[in-house]
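Worksheet for the structure shown next.
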Amino acid sequence: MEKPLPSAGKLWLVGAGPGDPDLLTLRAARLLASADLVVHDGLVGEGVLALIPPHVERISVAKQRSRHTMKQELINELIVRETQAGKQVVRLKGGDPFIFGRGGEELDAARAAGVAVEVVPGITAAAGCAAQAGLPLTHREDASAVSFVAGQCKDLTDQDWSGLAGHGRTLVIYMGLATASAIADKLIADGVSPALPVAVVERGTTRDARVLRTLLTDLGDLVVREKVASPALIIVGKVAARADALDCLGAPGVVHSLKDIACES
C-alpha cells in the first residue's frame with residue numbers, strides 16, 4: 001500500500017516586533033498558536049515566546065556578536081527541510097524580517113526550494129523604540145528624511161554614509177554599540193556637527209528600557225560610561241533632542257549647546 005503524501009507545508013517569515021508582546025500583530029499571534037514548529041532568534045522577547053503553546057516545537061537559533069549557534073546557511077536548510085516535511089513553520093524574527101533580519105536571504109532559499117512562503121511584517125526596532133521614547137523620527141521642523149543603517153559591519157570606515165545625517169535628516173543605527181566611537185568619528189569626519197543630538201535606546205519597548213541622550217561627540221564615551229548593553233538603538237539628529245530621555249552629557253556646558261540646537265529653526 002502506498003504511503004499517503006505529507007500535507008503541504010508552509011513557511012511563514014514573521015516579525016516579532018521590538019520586544020513588548022503587546023506590539024505583536026494579531027496575525028503573528030494567530031500563526032504562533034497554529035504552528036507546528038517555531039524557529040526563533042535570540043532577540044525575540046520572552047513575552048512573545050510565552051504566547052507559543054506548549055505543544056508547539058521550538059528551535060532557538062540565537063545569534064550574538066561573532067558567535068552563532070547556527071550559521072545562516074544552516075538556518076535556511078532547516079526551515080526549508082521542515083517545511084518540505086509538511087510542517088507549518090514559523091520563522092520568528094525580532095523586529096521586522098526585512099529590516100536587518102536576513103529575511104530576504106531566507107525568502108530566497110524558500111523560493112529556490114519551491115516551498116510556499118509568506119512574510120508577516122513586524123514593528124521594527126526603530127519605530128517601536130522611538131515611539132516609547134516620544135521621539136518622532138520625522139518632524140516638520142527637524143527632519144523630512146530618515147535612514148536605517150547597520151553599525152556592526154566589517155570595514156565600517158569604507159561604508160558610504162554621506163548625506164544620511166545632518167540638517168533635516170534622522171539616522172537610525174542598528175547594532176552600533178561596539179562601534180559607537182568609530183561611528184561618531186566617521187560622521188564628524190563627513191561634516192556632521194559634533195554638537196548634533198544623539199539618543200541611545202537600550203532594551204526598547206520593554207519594562208527595563210532606558211533612553212539616554214547626549215551629543216554626537218560624546219557618543220562613544222556615553223556607551224562606555226553608562227555601560228549600555230545590547231540590544232540598543234542609536235538615533236542621530238535634531239529629533240533626538242525631543243526624546244523623553246536622561247541627559248548624559250560628559251562635558252560641562254554642553255547641555256546648553258543641546259538646547260540651542262533643539263531651538264534652531
Side-chain angles (χ1 to χ4, degrees), residues 17-20 22-23 43 45 94-95 99 123-152 164-188 192-265:
D20 184 347
D22 286 345
L23 296 179
L43 288 178
I99 299 182
I123 295 176
T124 188
C129 293
Q132 183 187 40
L135 191 165
L137 294 177
T138 62
H139 192 285
R140 188 167 62 171
E141 296 179 8
D142 293 339
S144 59
V146 58
S147 300
F148 300 159
V149 299
Q152 186 175 305
L164 298 185
H167 181 70
R169 295 181 292 278
T170 302
L171 179 63
V172 181
I173 304 164
Y174 288 67
M175 303 168 287
L177 285 187
T179 53
S181 292
I183 286 170
D185 291 343
K186 175 184 179 64
L187 292 174
I188 292 170
V192 177
S193 170
L196 193 64
V198 174
V200 178
V201 186
E202 179 185 54
R203 298 186 296 272
T205 78
T206 72
R207 287 179 294 181
D208 299 323
R210 188 167 56 143
V211 186
L212 310 174
R213 184 173 57 219
T214 187
L215 302 181
L216 181 59
T217 188
D218 183 50
L219 175 59
D221 290 338
L222 166 73
V223 169
V224 175
R225 190 171 65 243
E226 299 295 333
K227 299 179 180 179
V228 181
S230 181
L233 205 68
I234 299 170
I235 302 174
V236 181
K238 285 180 66 176
V239 293
R242 298 177 178 274
D244 298 325
L246 176 66
D247 281 323
C248 298
L249 303 168
V254 288
V255 173
H256 299 292
S257 298
L258 179 60
K259 292 179 179 177
D260 291 342
I261 291 172
C263 293
E264 289 177 2
S265 58

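No side-chain heavy atom of Val201 sits less than 4.5 Å from a side-chain heavy atom of Arg210. When side chains are defined from C-beta on, Leu212 counts as touching Val228, because their heavy atoms get closer than 4.5 Å. Using a 4.5 Å cut-off on side-chain heavy atoms (C-beta onward), Leu164 and Leu187 make no contact. Here the side chains of Val146 and Val172 are in contact, with some heavy-atom distance below 4.5 Å. Contact of the Asp244 side chain with the Leu135 side chain is not registered, since no non-hydrogen atoms from C-beta on lie closer than 4.5 Å. Between Val200 and Leu219 there is a side-chain heavy-atom pair separated by less than 4.5 Å.
One distance of note links NE2 of His167 with OG of Ser193; it measures 12.5 Å at 0.5 Å rounding. Leu246 CG to Glu226 CD: the interatomic distance, rounded to the nearest 0.5 Å, is 7.0 Å. Atom OG of Ser181 is separated from atom NZ of Lys186 by 14.5 Å, given to the nearest 0.5 angstrom. Note that the OG atom of Ser144 and the NE2 atom of His139 stand 12.5 Å from one another [nearest 0.5 Å].
The two residues Pro136 and Gly134 come nearest to each other via the heavy atoms CD-O, 3.5 Å. Ile173 approaches Gly176 most closely through the heavy-atom pair CG2-CA, 4.1 Å. Ile123 approaches Pro18 most closely through the heavy-atom pair O-CD, 3.3 Å. Residue Leu216 comes nearest to Ala184 through the heavy atom pair O-CB, 3.5 Å, listed as atom of the first residue, atom of the second, then distance. Shortest non-hydrogen contact noted between Arg213 and Ala245 is CB-CB, 3.8 Å. Considering every non-hydrogen atom in both Leu222 and Cys248, the closest pair reads CD1-CB, 3.4 Å.
With hydrogens and angles ignored, the 3.5 Å screen pairs a side-chain donor or acceptor of Thr205 with a backbone N or O of Asp20. Put simply, the side chain of Arg169 never gets that close to the backbone of Ala145: no donor and acceptor are under 3.5 Å apart. For Thr170 (side chain) and Leu137 (main-chain N/O), a donor-acceptor pair under 3.5 Å exists by modelled atom type. A donor-acceptor pair is defined here as one N or O able to donate and one able to accept, closer than 3.5 Å; such a pair exists between the side chain of Thr179 and the backbone of Gly151.
A salt bridge links Arg242 with Glu141: the closest approach of a Lys/Arg side-chain nitrogen to an acidic carboxylate oxygen falls below 4.0 angstrom.
Legend: side-chain hydrogen bond (donor to acceptor under 3.5 Å, both in side chains) pairs involving residues 127-137, not counting sequence neighbours: none detected.
Applying the side-chain hydrogen bond (donor to acceptor under 3.5 Å, both in side chains) rule to Thr124 yields the partners Tyr174; only residues at least two apart in sequence or on another chain are considered.
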